[in-house]
Number of protein chains: 2
Amino acid sequence: MGLFSVAERDTRLSPRRRSAYGAGERIYHAGSDGLAWRLHCGVVRLDTAEPAGSARFASLAIAGDILGCETMLFGNYAFTATALTNCDLRPWPEGEGVSVGDSLLSSLAKAQNRAADIVALRGGQAADRVLGLIKLLTDGADRVVLPTRQDIADITDLRFETISRIIKSLERTRALLPIKIEGVHATRSYAVNFAAL
Amino acid sequence: MGLFSVAERDTRLSPRRRSAYGAGERIYHAGSDGLAWRLHCGVVRLDTAEPAGSARFASLAIAGDILGCETMLFGNYAFTATALTNCDLRPWPEGEGVSVGDSLLSSLAKAQNRAADIVALRGGQAADRVLGLIKLLTDGADRVVLPTRQDIADITDLRFETISRIIKSLERTRALLPIKIEGVHATRSYAVNFAAL
DNA sequence: CGCATTTTTGATACACGTCAATCTCCGTGG
DNA sequence: CCACGGAGATTGACGTGTATCAAAAATGCG
């Protein structure tokens, strides 16, 4: 799974209360306590804490989403959060500006939409699910850093072999163009070209 | 689908601002405006409004959940709501009692947990998904009224034929016992006996 | 450079989808 | 009261998309 293979890191809290995580790093663990966060950039995977210690994919957070707000109510996190790409988090609520009520309300609305997106990633043909996830992660930009094949598999409820085949075929149709660094292909970075489909 | 086969009904608003819907009835339509509601009992299906007018399953609301809170922010509903069983709704927020902030916060937390439940219903073996949904709908009681086979299929991303086979096999193992009314079996009402599994 | 991890690829199996016929339950109208 | 028709449910036969198992290749890291 690779989910538990990365050690806890120093939190590197800058004066502006901002914290950064690299791909694969654990952000917080279900049951522990801490702050609520807004995800400013990156992609985070949320897993339910199963009795047997085995994590099960529950949800995804992308830029703009609120993470771990339940800690404000219950004093601990309901899910385990793991960075799937490099992430930048800041404590929430931000304090100044919009009223807390409006902020909560729009978070609730956004959470519902995000949930609907994720449900859609688990229905239909395999290729469409993977493409749907890639589009969600790309979010209008022209390049993406994808999670590992195994993480994509967990999110879409497919097997990593299937993900590998689908991504390879997207490369062959030039919908995904590997970004090479000094001639070597970093297997997660792609320029996207959905027009090729 | 049966989703569009039932006419809009009179809203039957009692003096206490409570409204009831029968199985299959449309509660509100994506894009229209109205109140936010708390679902006091029953099960509601939420669908995204697709361009082509075709609905796609997005989420499920069960007793205690908040429905359509986005209308307070944007002035219209993001999803289309349909009663899957008999439902009882009341306007939200209730006004008295807990502060609006806490109520919103706990709704947000609850929405996240519900979303995780639904994601789980779309992964793994077909029989486990159907069983998971039935358990969610039963919620500790000893009997359930199930949605139609087609609705169960939409929720679990399976086909109604598959659902029919699975439910029949649950009947054969006596995990589900049809409740007969005057000798006739209403194909949606069951006494549950999960110990039989 | 060497080893662990991730990814790719192939061969084969099976769970579920698809298509089609039939059945039950109900409401409607003659 | 019974004929009719429609919606939902059941069942069977068959096809296929994805899982599974296995092995090799590519990548990344100490």
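Numbered from 1 within each chain, the chains take letters A, B, ... in sequence-line order.
- Atom CD1 in B/Ile152 sits about 10 Å away from atom P in D/dT10, given to the nearest Å.
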Once base and sugar-phosphate atoms are separated, protein heavy atoms under 4.0 Å mark nucleotides 13-25 of chain D, 5' to 3', with B, S and - as B----SSBB----

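- Atom-to-atom, CD1 of A/Ile166 to P of C/dT7 comes out at 14 Å; the value is rounded to the nearest Å.
- Taking the side chain as every heavy atom from C-beta outward, B/Trp37 and B/Ser19 approach each other to under 4.5 Å.
- Atom CG in B/Asp154 sits about 12 Å away from atom P in D/dG8, given to the nearest Å.
- Between A/Lys110 and A/Asp65, none of the side-chain N atoms (NZ, or NE/NH1/NH2) sits under 4.0 Å from a carboxylate O, so this pair counts as no salt bridge.
- Distance CG (A/Leu170) to P (C/dT7): 15 Å, rounded to an integer number of Å.
- Whole-Å rounding puts the B/Ile167 CD1 to C/dT24 C1' distance at 16 Å.
- Taking side-chain N and O atoms only, A/Arg188 has a distance below 4.0 Å to OP1 or OP2 of C/dT7.
- Listed by chain and number, the residues in a side chain to side chain contact (heavy atoms under 4.5 Å, CB included) with B/Leu121 are B/Leu133, B/Leu136, B/Ile155 (sequence neighbours excluded).
- The shortest distance between the side-chain N/O atoms of B/Ser164 and the OP1/OP2 oxygens of D/dT10 is below 4.0 Å.
- We find that B/Arg45 and B/Asp154 are joined by a salt bridge, their nearest charged nitrogen and carboxylate oxygen being less than 4.0 Å apart.
- When the side chains of ILVMFWY residues are joined at heavy-atom separations under 4.5 Å, either directly or via intervening members, A/Met72 and A/Leu105 end up in a single hydrophobic cluster.
- Rounded to whole angstrom, the span from the CD1 atom of A/Ile179 across to the P atom of D/dT27 amounts to 15 Å.
- Taking both residues in full, the closest heavy atoms of B/Ala109 and A/Phe74 are given as CB-CE1, 3.9 Å, listed atom of the first, atom of the second, then distance.
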